[in-house]
Engineer: 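Here you go, one structure.
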Amino acid sequence: MSLLAPVFLRVAIDTPLDSFFDYRFSLRDEAGALLPVPVVGSLVLIPFGSQQITGIVLQILQETTVPAEKIRDVLAVRPQLPPLGEEWLALARFAAEYYQRPLGEVVLPSLPKNLKAIKTVALDRALKKLSKLTAAPASAPVAQQEASLNAEQAAAVAAVTEGQGFVPRLLFGVTGSGKTEVYLQAAARILAQSATAQVLILVPEINLTPQFETHIRHRFPGLMLATLHSGLAEGERLLHWLSAHTGAARIILGTRLAIFASLPDLQLLIVDEEHDPSYKQQEGLRYSARDLAVWRARQRQIPVLLGSATPSLESWHAVQHGRYQLSELSQRAVQDAVLPIVKIINLEKEKPSEGLSQRLIAAIRLRLEKGEQSLLFLNRRGYAPVLSCDACGWISQCTRCTANLVMHKGDHRLRCHHCGLEQRIPRACPTCGNIDLQPLGRGTQRLEETLAAMFPEARVFRIDADSTRLKGSAAAAFERVHEGEVDILIGTQMVAKGHDFQRLTLVAALNPDAALFSQDYRASERLFAQLMQVAGRAGRRAQAEGGNASEVYVQTRYPDHPLYHALMAHNYRHFAADMLAEREQAQLPPYMYQALLRAEARELQTALDFLQQAAACMPHPMITINDPIPMTMTRVANRDRAQLLIESASRPALQAFARLWITELRSWKSRVKWSLEIDPVDI
DNA sequence: AGCACGCCGACT
DNA sequence: GTCGGCGTGCTC
């Protein structure tokens, strides 16, 4: 083999085509100088059709079966970037295989845009900046001002840090039981064990990164921390990603996308609020960051800590079956703090006015008198979910979706929350001309208006996606609440997570019933977690301060529902046992594995026909193929959607089937847009 | 998925 | 006579 012969690079690129592409790489440049052979994991700039794109080198080949006339030359390699490692590629390969997507569609979207740009100015600048920061004196990663731990916390920290190899562990503890302290001290010990060790901490929401970041910076001064989430500007994102990739960052804090960070010496993974649905990506590669965290830990034979007050039934099931270890924090860690008292208000007996029962109004008034905060949780933004005409029965419907247009009073608009369609609120009914149109139902805006009128002396404040649309305004809004500038806080699920408000002693869920009877069998699991979580916002204050225990009010038409009883008793174990028994009885996950084939087309029937053919094309003894059904929200943005659920008791069988099935469906070259999701969560 | 090439309707 | 509709075919 002559040294002058070119080599061929097998490259993965971001395309739905499930194949790799081979390119020629000449070992001599135009001047005749010898070039080093590129390394697997390098990024390369290549011509692709009429475009120039960036791909990643998977293999170096001496020859290729691709006809010579088709082969094209690599345009450039990116030598300044240390190549992505084998271990990272193995993670991407696993995700691609497990979720049944082309490898390039996993790898390339997970990299910062500036890394893939044709021009390397941004990359060069970031690398230069990074080299200055490491140059900074590396202080010993000794934790500062550690809080003292109770026995359960200490046991959890010891168990995490003294275990050998891959140990998945569930940290089960109510809000306020001190999970964060366990994370920080476990991280401190792991970081102290070597000068290069890295710890990855995942949080469910971008809103939670700032306060977590503050904790970490305070606790580990001088240690490089990288945050990774979708809110970063491209420049920051590249810098942070590079600091993780080069090993300079020792703690990496991020949302689900951070699970794909390149981390050369990862030694501990922490997934906070592991049950949170946000860990599931709901478009493109539909991965579970929680599940991938466990996979990464197994791959590297390191501990992974999954924390929650209301663990996912999957994780709880794994504990019951001995696949995960359990560390429990059974007490609130703050001295004298007690669990809030949960009170159920029967809306059939206590008729609400403007959505508020008299008892709840009285409870709010009491808090105002004592200078304490109340939080009203209503998971519905806008003024009213629909506008209607009493005279003819017209209601505000989206013309493009199977959904109502939501009334937004502030900017006088009707808005579809699914496709973004907007129009002015009509002066009169579009069908009969009646000028007296009625908002039906209640959203956070209307509630805000009601409370402001009811308590003119109170500072009423609303936090939802509408009120925090501008970048950075969510952080400012939470800050306002923390500073005590708010008496009554109204919020959607945004306020349910993570934030601890010191003067908050009343939490109310105004209208949580809808989830009880949802078609989605996971809805009650989510509702329970959400209510436990929002309840956890209250009662952090020590009783010793002279206050009574905090209160949580739940307004419901179904006061005897077992979910609310479990909530009153703060009894996750009981709830989980019931739910798992139900799931086993009904043969649902985690006792069964599922995949969901979705199809969309202009006409519903086209989508259903496609699914019907898919259902019939490959019978398999170990796979249950259900009937195609229209999705609950059939039409979104003028596309009709339908789905087909397949199930199996065997994960390998489901995987093998899905692989063959996808190959078959691809070969049809149908014009129906379709996708297959493994382990779907929103059914 | 992009993007080009290619063959039929309403415009300067 | 051209601009542009989206059908189909390809991408190392």
Side-chain angles (χ1 to χ4, degrees), chain A residues 5-27 35 37-78 83-84 89 92-93 95-97 99-113 115-119 257 260 281-287 400 597-603 606-607 609-610 614 636-641 661-678:
Chain A
V7 291
F8 299 96
L9 308 185
R10 184 149 291 170
V11 176
I13 57 176
D14 185 9
T15 156
L17 301 170
D18 197 8
S19 54
F20 305 126
F21 293 84
D22 293 350
Y23 287 84
R24 189 189 305 109
F25 183 81
S26 169
L27 291 174
L35 297 170
V37 178
V39 184
V40 168
S42 302
L43 296 189
V44 285
L45 187 65
I46 46 174
F48 186 67
S50 61
Q51 318 170 67
Q52 292 187 1
I53 57 170
T54 297
I56 187 166
V57 177
L58 298 177
Q59 268 183 289
I60 318 293
L61 308 164
Q62 299 303 325
E63 48 195 50
T64 170
T65 53
V66 178
E69 69 273 16
K70 280 194 159 185
I71 289 270
R72 298 166 77 179
D73 285 309
V74 170
L75 298 171
V77 287
R78 207 134 286 185
L84 277 305
L89 281 168
R93 227 173 244 125
E97 272 175 36
Y99 294 109
Q100 313 266 356
R101 308 290 305 184
L103 180 59
E105 262 194 353
V106 177
V107 172
L108 290 140
S110 81
L111 300 172
K113 279 201 181 65
L115 210 56
K116 297 174 283 186
I118 292 175
K119 296 201 168 161
L257 60 84
F260 286 110
Q281 167 91 6
Q282 290 293 32
E283 55 184 48
L285 181 79
R286 293 179 169 239
Y287 62 92
R400 310 195 299 181
L597 182 65
R598 295 175 216 266
E600 63 170 68
R602 279 290 166 80
E603 301 291 330
T606 314
D609 288 346
F610 173 85
V636 169
N638 277 334
R639 306 282 297 176
D640 282 348
R641 298 132 15 112
W661 207 28
I662 286 178
T663 309
E664 171 68 14
L665 299 185
R666 265 184 220 267
S667 74
W668 293 358
K669 302 203 161 67
S670 159
R671 257 176 287 142
V672 171
K673 194 179 165 197
W674 60 272
S675 64
L676 184 73
E677 176 171 4
I678 307 293

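Only a predicted model underlies this, so the values are computations on that prediction, with no experimental measurement involved. Just so we're on the same page: letters track the sequence lines, and every chain starts at 1. Values reported hereafter were calculated over all heavy atoms of this structure, with side chains retained and with hydrogens, waters and symmetry mates removed.
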Engineer: Each nucleotide N or O in nucleotides 3-8 of chain B that has a protein N or O under 3.5 Å away: list the pair and distance.
Structural biologist:
| unit_1 | atom_1 | unit_2 | atom_2 | d |
| --- | --- | --- | --- | --- |
| dC3(B) | O3' | S50(A) | OG | 3.2 |

Engineer: Just verifying a value: how many Å separate F610(A) CZ and K673(A) NZ, rounded to the nearest 0.5 Å?
Structural biologist: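 Reported value, rounded in 0.5 Å steps: 13.0 Å.
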Engineer: With a 4.0 angstrom cut-off to heavy atoms of chain A, pull out the first and last contacting nucleotide of DNA chain C, in 5'-to-3' order.
Structural biologist: dT11(C) to dC12(C)
Engineer: Going by the rule side-chain hydrogen bond (donor to acceptor under 3.5 Å, both in side chains), which residues pair with E600(A) if we only count those two or more places apart in sequence or in a different chain?
Structural biologist: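 R639(A).
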Engineer: In Å and rounded to the nearest 0.5 Å, what is the CZ to OG1 distance from F20(A) to T15(A)?
Structural biologist: 11.5 Å
Engineer: Is the backbone N or O of L115(A) less than 3.5 Å from a side-chain atom of R78(A), with the two atoms forming a donor-acceptor pair by type?
Structural biologist: yes
Engineer: Near DNA chain C, under 4.0 Å by heavy atom, which residues of residues 11-20 of chain A?
Structural biologist: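 DNA chain C contact set from residues 11-20 of chain A: L17(A).
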Engineer: Indicate, with a heavy-atom threshold strictly under 4.0 Å, whether P47(A) touches base, sugar-phosphate, or nothing.
Structural biologist: sugar-phosphate
Engineer: Counting only pairs under 3.5 Å, give me each side-chain donor-acceptor contact of residues 47-54 of chain A, with atom names and distances, residues two or more places apart or in other chains.
Structural biologist:
| unit_1 | atom_1 | unit_2 | atom_2 | d |
| --- | --- | --- | --- | --- |
| T54(A) | OG1 | K116(A) | O | 2.6 |

Engineer: Give F48(A) one of three labels, base, sugar-phosphate or nothing, depending on what nucleic acid heavy atoms sit under 4.0 Å from its own.
Structural biologist: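 Contact class for F48(A): base.
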Engineer: Let me confirm one number: the CG-CD1 distance from L9(A) to I56(A), rounded to the nearest 0.5 Å.
Structural biologist: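 Nearest 0.5 Å value for the CG-CD1 distance: 12.0 Å.
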Engineer: Which distance, rounded to the nearest 0.5 Å, do you find between the CG of L108(A) and the CG of L43(A)?
Structural biologist: 7.5 Å
Engineer: If the condition is side-chain hydrogen bond (donor to acceptor under 3.5 Å, both in side chains), which residues does D18(A) pass it with, not counting sequence neighbours?
Structural biologist: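 D18(A) satisfies side-chain hydrogen bond (donor to acceptor under 3.5 Å, both in side chains) with no other residue.
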Engineer: Inspect the surroundings of CZ in R666(A) and state if more than 12 heavy atoms from other residues, nucleotides or ligands are less than 6.0 Å away.
Structural biologist: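 Check passes, neighbour count above 12.
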Engineer: A quick test of your reading: do over 12 heavy atoms of other residues, nucleotides or ligands sit less than 6.0 Å from CD of E283(A)?
Structural biologist: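 Counting other residues, nucleotides and ligands, CD of E283(A) stays at 12 neighbours or fewer.
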